[in-house]
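Right, one structure below, let's go through it.
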Amino acid sequence: MDMDFDAVIVGAGFAGMYMLHRLRQGGFSARVLETGKGVGGTWYWNRYPGARCDVESVQYSYQFSPELEQEWEWTERYATQPEILRYANHVADRFDLRRDIQFETRVTRATFDEQENLWIIETGAGERLVSRFVVTAMGCLSSPNTPKIPGLSEFRGPTYHTGSWPHEGVDFSGRTVGMIGTGSSAIQSIPLIARQAEHLTVFQRTANYTVPAHNAPLAPDYVRQVKADYREMRARAKTKPAGIDFDINWASAVETSEAERARVFETRWAYGGLGFIASFADLLLNDQSNKTAADFVRAKIREIVRDPRTAEILSPRNIIGCKRLCVDTGYWETFNRPNVTLVDIGDEPIERITPSGLRAKGSDYDFDCLVLATGFDAMTGALLNVDFRGRRGIALNEAWRDGPKTYLGLTVAGFPNLFTITGPGSPSVLTNMLPSIEQHVEWIADCLEAMRTRGQTVIEATGPAQEAWVHEVGNSASITLRATCSSWYVGANIPGKPRVFMPYIGGLPAYIAACEEVVAGSYKGFAFS
Ligand code: FAD
Ligand code: NAP
């Protein structure tokens with residue numbers, strides 16, 4: 001069998017783009033296969049109104065090229081989707097990536113040939129490529145979840161999913177809109193859709209916590225200062241569990257006086273952003289501490305939302321930070337608008353979608369357009385959409401029947417020469433994803449270079465090493481409150497998905513140390529041939 005490339009990379013988001021660049025630098029031949037017509041992944045698909053990053057742009061950006069860091073100018077504290085997509089396109093041009101990316105190509109199947117130690121990759125168009133390695137860069141949040149609500153296909157008007165929004169945009173002027181979901185995508189888009197639409201009805205299953213972004217244009221002086229400090233800032237970020245350079249208050253919320261606690265929460269609320277959850281070190285460890293933060297946000301909702309009943313419905317009752325914390329611009333305020341209605345569907349599922357709207361709790365709601373802000377089959381969805389076959393033809397679906405099992409979130413026992421960027425079992429979605437992606441890409445590229453030097457062609461995680469890592473991932477999850485609620489982190493949003501806390505919660509520094517220790521131990525836990 002002739003080998004077409006050293007590596008096939010699946011996906012051309014930030015992970016696939018950098019993987020291609022690094023492999024080329026290492027002298028490997030590589031081809032990226034991407035379903036979309038362009039680069040950017042998340043930022044190519046999620047074009048709903050209000051889509052932005054929730055990690056500040058100066059941090060939500062690549063750090064592998066100091067030149068790129070210096071030449072790119074972020075214009076806002078939290079860049080919009082179009083700006084982030086422009087950045088992705090700039091990177092693709094600057095590093096001449098497109099010539100090795102094949103767009104409009106969906107990988108459907110990949111089979112490891114044990115005789116030849118090669119992967120055979122098949123695409124939706126029937127193409128077949130052969131490579132030594134496969135690197136998945138398919139995204140943790142890239143497989144949109146369309147809930148199986150009866151009648152969905154009978155709706156007369158257009159239906160939009162936030163995760164695959166029309167490229168030409170949607171004009172809601174003069175239209176009535178129904179939106180299902182109140183996660184991050186909904187929380188970002190609701191204020192903008194409400195401003196444009198004649199009427200917006202929001203169907204909320206679970207109330208969510210969100211903190212204000214206080215987004216603003218970046219002052220040139222601030223940008224200059226960041227650029228001068230970039231190396232130090234990136235280094236500081238790598239010492240933080242979430243890979244974000246913000247201050248963590250190491251005090252305990254319950255051991256702090258009420259007045260001081262209120263002061264800390266107010267200060268963080270006024271600053272805005274995800275740093276709110278670092279107001280105290282034990283917010284995600286101790287439910288009494290957590291309650292102090294949750295009470296603070298609930299009081300803010302009551303302060304902002306004028307109708308007490310609406311405020312009550314909007315007030316989350318679960319652990320703050322258990323589901324991913326949201327960052328918003330004018331979310332609570334939007335429910336004061338006369339053209340916005342909130343419908344609580346927490347206690348009963350939507351009965352059905354009707355041709356003119358939906359039916360819930362015995363009432364009919366009519367609207368012209370339906371928006372599904374219903375999230376993703378996170379972390380494993382995109383991977384399991386491909387029929388990966390490892391040794392003895394075993395399917396990844398089968399190997400992960402009880403939940404994903406990986407070694408370091410980077411490799412899977414029984415699937416030689418397959419690498420999974422930000423795979424389950426790595427910190428990924430609990431961190432600023434850009435540094436996590438870069439760390440994985442560099443680890444994989446270094447590994448391939450080491451193998452070439454040693455004359456090895458096959459790498460595979462051993463079963464015991466994988467078991468020990470899966471144990472470590474489960475153990476670290478059990479000490480936090482994060483694993484206690486029905487979030488997508490545990491697969492709870494997808495009926496029938498095994499309930500396993502999928503990301504590694506031990507923090508980025510501990511994770512990087514674990515990866516480095518494996519390398520220092522001559523790739524401990526891997527078998528080579
Ligand atoms: P993606 O960007 O998801 O790219 C994966 C690519 O793989 C896609 O283009 C997809 O089409 C392609 N693909 C998948 N399957 C196949 C297949 N079978 N064949 C071919 N191609 C395939 N993270 C943060 O850290 N900070 C943020 O502020 C932040 N904001 C976000 C906002 C939204 C709306 C969403 C959905 C996610 C956000 N994230 C954020 C997470 C975000 O996904 C990552 O930050 C990052 O963009 C992931 O890059 P990636 O390359 O790993 O995956
Ligand atoms: P999400 O957080 O999973 O939210 C989906 C919403 O849809 C939830 O409110 C969920 O309710 C609801 N839902 C799902 N199925 C439903 C059904 N059958 N009936 C009624 N309601 C249903 O998805 P998301 O908002 O797209 O965000 C996913 C992740 O992407 C985020 O957590 C974040 O990591 C990332 N993201 C980031 C940003 C950002 O600010 N930069 C923006 C968007 C997304 P339940 O809660 O009850 O399940």
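Residues take their numbers from the sequence shown, with the count starting at 1. Predicted model only: the values in this text are computed from it and were never measured. What you see below is based on every heavy atom in this structure, not just the backbone, and it leaves out hydrogens, waters and symmetry mates. When a ligand or atom number is given, it counts from 1 through the structure's own listing order.
In this structure, Arg77 forms a cation-pi arrangement with Tyr271, its terminal cationic atom sitting closer than 6.0 Å to the ring centre and no more than 45° off the ring axis. A cation-pi arrangement is not found for Arg499 relative to Phe501, the charged atom failing to lie both closer than 6.0 Å to the ring centre and inside a 45° cone about the ring normal.
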For ligand 2, list all ligand N or O to protein N or O distances below 3.5 Å, rounded to 0.1 Å.
residue: ligand 2; atom: 7 (O); partner: Ala373; partner atom: O; Å: 3.2
residue: ligand 2; atom: 9 (O); partner: Thr182; partner atom: N; Å: 2.8
residue: ligand 2; atom: 9 (O); partner: Gly183; partner atom: N; Å: 3.4
residue: ligand 2; atom: 25 (O); partner: Ser184; partner atom: N; Å: 2.9
residue: ligand 2; atom: 25 (O); partner: Ser185; partner atom: N; Å: 2.8
residue: ligand 2; atom: 25 (O); partner: Ser185; partner atom: OG; Å: 3.3
residue: ligand 2; atom: 26 (O); partner: Ser185; partner atom: OG; Å: 2.6
residue: ligand 2; atom: 32 (O); partner: Trp488; partner atom: NE1; Å: 3.0
residue: ligand 2; atom: 40 (O); partner: Asp54; partner atom: OD2; Å: 3.4
residue: ligand 2; atom: 40 (O); partner: Gln188; partner atom: NE2; Å: 3.0
residue: ligand 2; atom: 41 (N); partner: Arg52; partner atom: O; Å: 2.8
residue: ligand 2; atom: 41 (N); partner: Asp54; partner atom: N; Å: 3.2
residue: ligand 2; atom: 46 (O); partner: Thr206; partner atom: OG1; Å: 3.4
residue: ligand 2; atom: 46 (O); partner: Lys323; partner atom: NZ; Å: 2.6
residue: ligand 2; atom: 47 (O); partner: Arg205; partner atom: NE; Å: 2.9
residue: ligand 2; atom: 47 (O); partner: Thr206; partner atom: OG1; Å: 2.4
residue: ligand 2; atom: 48 (O); partner: Arg205; partner atom: NH2; Å: 2.9

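The distance between the ring centers of His21 and Phe64 falls below 6.0 angstrom. Aromatic rings from Phe419 and His440 are positioned such that their centres are separated by 6.0 Å or more.
Residue Thr35 holds the heavy atom nearest to atom 22 (C) of ligand 1 of all those in Asp387, Thr35, Val441.
Residue Ser142 approaches ligand 1 through these ligand atoms, each under 4.0 Å from one of its heavy atoms: 3 (O). Against a heavy-atom cut-off of under 4.0 Å, Phe376 is close to the following atoms of ligand 1: 36 (C). For ligand 1, the atoms sitting less than 4.0 Å from at least one non-hydrogen atom of Gly11 are 6 (C), 7 (O), 12 (C), numbered in the order shown with element in parentheses.
The ring-ring contact (aromatic ring centres under 6.0 Å, His included) test applied to Phe28 returns no partner, not counting sequence neighbours. With sequence neighbours left out, Thr310 forms a side-chain hydrogen bond (donor to acceptor under 3.5 Å, both in side chains) with Asp307.
Applying the side chain to side chain donor-acceptor pair (under 3.5 Å) test between Ser143 and each of Asn385, Thr380, Asp377 identifies Asn385 as the sole match.
Counting only residues at least two apart or in different chains, side chain to side chain donor-acceptor pair (under 3.5 Å) contacts with residues 345-355 comprise Glu154-Arg352, Asp347-Lys361, Glu351-Arg359.
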